[in-house]
Amino acid sequence: MRAPHDQHFLVDAGAVEKISGYADVSGRTVLEIGPGKGILTEALLSRGAKVIAVELDGKLVSYLEKSFFREVKSGDLTIVHGDAIRCEIPDFDLVVANLPYSASSKITFRLIGMGFEEAVLMYQKEFAMKMMALPGTSECGRLSIMVQTYAKVMPLLELLPSSFSPKPKVKSYVVRLTLKDELTYPINNIELYAVIVRELFSHRRKTIRKAVNISENNIGREESERILSGVSEDILRKRPQELTLKEFADLSNTASG
Ligand code: SAM
């Protein structure tokens, strides 16, 4: 197992209190990814949650097993030693976590795929801002579109490096993620949608027409032709960050035929 990174531990009691209080965790099963030394784990348990804590670092797992042996014995805490990107995770209702920043994207999309009632997640501030960037603005990117297709993202709290030990170089940001019951704009083929969004944003300075031409091999020949002949000239002249969620959905549905 590779050596884990991202070990900046929360030391700000006020922040721990706020983060553990954003979701109503009492009596619920809460998934915590990257519990570290357990500062958030303890707060969640004291609010009456049952916690599943997934930690990659074996030394921290041993530390947690010793510190929380009563809670592990009573079944209130389940510690999973594994990589949250791929390990098996027991069923849960909510997620509350200070995520490892280098795996934020993969873990977020895994969680979206697994489903949850609500997630309170801490990210590097820049990443959180990208998740929340509105379609049609210059900050909007692949992450913004892919997250906002499936979830609503609400800002909750900014944290300075001084809230952690050791201090990270960057600010952090806590957001609330709730999954949409139904997609705002229906998508016929979600795999193709993901490919199109990825390909268009990998050429974000190009117009949609140019980006589709360049990416024909990845999007598919017939799919690309359907976009170029079926999508309005107005859209083909735009750049990906200028499209709305609806326009991405329409474009992908045109491509799937
Ligand atoms: N929650 C703790 C806190 O706030 O003090 C620690 C947060 S620290 C930013 C991230 C934690 O995630 C570390 O304990 C690290 O070992 C763990 N980690 C890193 N990559 C991981 C992965 N892929 N799966 C599970 N845990 C991981």
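Computed from heavy atoms alone, side chains included, the values below leave out hydrogens, waters and symmetry copies. As the structure lists them, so they are numbered: ligands from 1, and atoms in each ligand from 1.
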Trainee: Taking only heavy atoms of Gly82 into account, list the atoms of ligand 1 that are under 4.0 Å away from them.
Mentor: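 Matching atoms, with element in brackets: 24 (N), 25 (C).
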Trainee: Supply the atom-to-atom distance Ile79 CD1 to Ile52 CD1, rounded to the nearest 0.5 angstrom.
Mentor: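 Rounded to the nearest 0.5 Å, the CD1-CD1 separation comes out at 12.0 Å.
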Trainee: Mark up the atoms of ligand 1 that fall under 4.0 Å of a heavy atom belonging to Ile39, in ascending order.
Mentor: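 By the 4.0 Å cutoff, the relevant atoms are 5 (O).
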Trainee: Looking only at distances, can you tell me whether any N or O atom of Ile107, backbone or side chain, sits closer than 3.5 Å to an N or O atom of ligand 1?
Mentor: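 No, Ile107 has no N/O under 3.5 Å of an N/O on ligand 1.
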Trainee: Could you tell me, atom by atom, which parts of ligand 1 come under 4.0 Å of a heavy atom of Glu32?
Mentor: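 Atoms satisfying the 4.0 Å criterion: 1 (N).
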Trainee: Using a strict 4.0 Å cut-off to heavy atoms of Leu10, name the atoms of ligand 1 that fall inside it.
Mentor: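 Listed by number with element, the hits are 3 (C), 4 (O), 5 (O).
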Trainee: Hey, looking at atom 13 (C) of ligand 1, which of His8, Glu55, Arg86 has the closest heavy atom?
Mentor: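 Closest candidate by heavy-atom distance is Glu55.
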Trainee: Which value, rounded to the nearest 0.5 Å, describes the distance between Glu71 atom CD and Leu45 atom CG?
Mentor: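 That separation rounds to 5.5 Å.
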Trainee: Looking at side-chain heavy atoms only, is the closest gap between Leu245 and Ile145 below 4.5 Å?
Mentor: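 Contact flag for Leu245/Ile145 side chains = yes.
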Trainee: Is there a donor-acceptor contact under 3.5 Å linking the side chains of Tyr123 and Thr108?
Mentor: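 Side-chain D/A pair, Tyr123 to Thr108: present.
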Trainee: For ligand 1, is any non-hydrogen atom under 4.0 Å from Met122's backbone (N, CA, C, O), its side chain (CB onward), both, or neither?
Mentor: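 Near ligand 1, Met122 shows nothing, with every heavy atom at 4.0 Å or more.
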Trainee: Suppose we screen for side chain to side chain contact (heavy atoms under 4.5 Å, CB included). Which residues come up paired with Asp93, at least two apart in sequence or across chains?
Mentor: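 Arg28, Thr29, Glu117.
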Trainee: Any side-chain heavy-atom pair from Leu111 and Leu177 closer than 4.5 angstrom?
Mentor: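 They are not in side-chain contact.
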Trainee: Does the distance from a Lys or Arg side-chain N to an Asp or Glu carboxylate O, for Arg47 and Glu17, drop under 4.0 Å?
Mentor: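 Looking at Arg47 and Glu17, the cut-off is met.
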Trainee: Counting each atom of ligand 1 from 1 as listed, which ones have a heavy atom of Gln7 under 4.0 Å away?
Mentor: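 The atoms of ligand 1 under 4.0 Å from a heavy atom of Gln7 are 13 (C), 15 (C), 16 (O).
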Trainee: Going by heavy atoms in the side chains, are Phe127 and Leu143 under 4.5 Å from each other?
Mentor: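 The answer is yes; the side chains approach within 4.5 Å.
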Trainee: What atoms of ligand 1 come within less than 4.0 Å of a heavy atom belonging to Ala84?
Mentor: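 Counting from 1, the qualifying ligand atoms are 22 (C), 23 (N), 24 (N), 25 (C).
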Trainee: Which atoms of ligand 1 have any heavy atom of Asp83 under 4.0 Å away?
Mentor: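 Counting atoms of ligand 1 from 1, those under 4.0 Å from Asp83 are 22 (C), 23 (N), 24 (N).
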Trainee: Which of the numbered atoms in ligand 1 are under 4.0 angstrom from any heavy atom belonging to Val54?
Mentor: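 So the atoms of ligand 1 that pass are 25 (C), 26 (N).
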Trainee: Within a strict 4.5 Å, meaning less than it, do heavy atoms of the Ser20 and Val25 side chains meet?
Mentor: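 Side chain of Ser20 against side chain of Val25, heavy atoms only: no contact under 4.5 Å found.
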Trainee: For ligand 1, indicate whether the residue Ser102 contacts it via side chain, backbone, both or neither (heavy-atom separation under 4.0 Å).
Mentor: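 Looking at Ser102 and ligand 1, no heavy atom falls under 4.0 Å.
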Trainee: So, regarding Lys37 and ligand 1 (criterion: nitrogen or oxygen to nitrogen or oxygen, under 3.5 Å), is there a contact or not?
Mentor: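 By distance alone, the answer is no.
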Trainee: Quick one: does ligand 1 sit under 4.0 Å from the side chain of Leu56, the backbone, both or neither, non-hydrogen atoms only?
Mentor: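 For Leu56, backbone and side-chain atoms both sit under 4.0 Å from ligand 1.
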